[in-house]
Amino acid sequence: MGKQRVLSGVQPTGNLHLGNYLGAIRNWVEIQDRFENYFCVVDLHAITVPHDAKALAENSYAIAALYLACGIDLEHSNIFIQSHISAHAELTWLLNCITPINWLQGMIQFKEKAVKQGQNVGTGLLDYPVLMAADILLYDADKVPVGEDQKQHIELTRDLAIRMNDQFGKKKKPVLKMPEPMIRKDGARVMSLTDGTKKMSKSDPSELSRIELLDSPETIAKKIKKCKTDPARGLEFDNPERPECHNLLTLYSILSGQRKETVATECAEIGWGQFKPLLTETAVEALRPIQEKYAEVMDDRSYLESVLRQGRESAEAIASATLDRVKTAMGFSTPV
Ligand code: AMP
Ligand code: TRP
């Protein structure tokens, strides 16, 4: 039997932070040799809120370079840019026409983002999950490794696959394959440095709330120095009264590669004054190799272009076959 297929993506909006790395990309890297992988830079998603046209292309390249820098290996994985493959937009339209609008109106991320946009909520923002469903379904993906916040979008994707198969598939021959989310326990929800009850997010107005993958050691030190803590003595996991403490210890545990129990023992008696430099040094050391590789890749544009060209070619072959299958099932005529 061939390997199962994995698809995932990140939007080229703003710089990637530890939440993106620990919740998503690190997991892609860890599982990649067991699967056939497609990792896309979802630039069509990035325009669902007002965007800067001058920066979009460069941001997409930067995210692709970060995938490589974090350890995505071309022997197992393909990297491509979503908008380079027109089947994503086309399948979105076909899926739109079988998507009840109230499914979209109730999505958590839509409601959160819509509030931030005030009067200026684009149709694309409402339709965002359908585009994401198209990304996944086009590749007959078996697994979709993401952070916790994307679970609802994958449930919608599954509901749409069921709907398409019910309406247009044959009993023994479904049109679309049913994907499954792959969400790890540790790191699936990295919290803000300034508020342990909010997730770390690219769109938080305060830069102090997140550590970005390309932050300098000085910036990382500053952000950790200023991060929110509490007056209690000794550090511990899993105390609901101390969300910041849990979050920072979790970061330390994952970034240092130490088990939770080991960290719990190491930190049980220490205070913030001792812990913060420890976390700083661990974060700086964990990010250093990523930053070095990133600089190397960004310096060699022709290499990056060749990676994306090859990724596009592999992705396109699969995507266009799926699109044809859906169009045939839905009864479209073939071009003459
Ligand atoms: P985005 O930044 O929205 O494009 O998210 C890209 C990936 O990072 C998705 O798989 C998200 O689930 C994941 N992610 C984003 N923020 C966090 C966070 N604070 N903790 C864990 N995973 C996250
Ligand atoms: N919506 C995802 C996010 O914000 C990004 C995304 C778009 C995605 N298409 C996808 C993730 C397909 C996994 C699979 O994080």
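Counting convention: from 1, in listed order, for ligands and their atoms alike. Values in this document were obtained by computation on a predicted structure and should not be read as measured data.
- In A188, the part holding a heavy atom less than 4.0 Å from any atom of ligand 1 is the backbone.
- On a distance-only criterion, V190 and ligand 1 share at least one N/O pair closer than 3.5 Å.
- Neither the backbone nor the side chain of D149 comes within contact range of ligand 2; no heavy atom lies under 4.0 Å.
- Looking only at distances, no side-chain donor or acceptor of E148 sits under 3.5 Å from a matching main-chain atom of K185.
- Looking at E148 next to ligand 1, no N or O pair under 3.5 Å apart turns up.
- Taking a 4.0 Å cut-off on heavy atoms, M191 fails to register as neighbouring ligand 1.
- For atom 11 (C) of ligand 2, the candidate residues are P179, G9, A46; the nearest heavy-atom contact is made by G9.
- Y128 and L156 sit in two unconnected hydrophobic clusters of ILVMFWY residues. Membership requires side-chain heavy atoms under 4.5 Å apart, directly or through other members.
- Side-chain N or O atoms of S253 include one that pairs as donor or acceptor with a backbone N or O of Q258 at under 3.5 Å.
- Taking any N or O of G147, backbone or side chain, at least one lies under 3.5 Å from an N or O belonging to ligand 1.
- Ligand 1 has an N or O atom lying under 3.5 Å from an N or O atom of N20, backbone or side chain.
- For F80 and Y139, the ring centers sit closer than 6.0 Å to each other.
- Contacts with ligand 2 closer than 4.0 Å are made by side-chain heavy atoms of Q150 only, the backbone lying farther away.
- Under a cutoff of 6.0 Å and an axis angle of 45°, K260 and F237 form a cation-pi pair.
- Considering I25, V146, D149 only, the shortest heavy-atom separation from atom 12 (O) of ligand 1 involves D149.
- Looking at ligand 2, you'll find an N or O of Q11 within less than 3.5 Å of one of its N or O atoms.
- Contact annotation: for L131 versus ligand 2, there are no heavy atoms closer than 4.0 Å.
- When each of V6, L137, D142 is checked for a side chain to side chain contact (heavy atoms under 4.5 Å, CB included) with P179, only L137 meets the rule.
- Polar contact check, Q109 against ligand 2: no nitrogen or oxygen pair lies under 3.5 Å apart.
- Annotation: atom 3 (O) of ligand 1 to nearest protein heavy atom, Q11 NE2, 3.7 Å.
- Of the polar atoms of A24, none of the N or O atoms is found under 3.5 Å from an N or O of ligand 1, judged by distance alone.
- Residue R189 touches ligand 1 through its backbone alone, judged by heavy-atom distances below 4.0 Å.
- At a heavy-atom distance under 4.0 Å, only side-chain atoms of V146, from C-beta outward, approach ligand 2.
- Of the inter-residue distances, the one linking L278 atom CG with C267 atom SG reads 6.5 Å to the nearest 0.5 angstrom.
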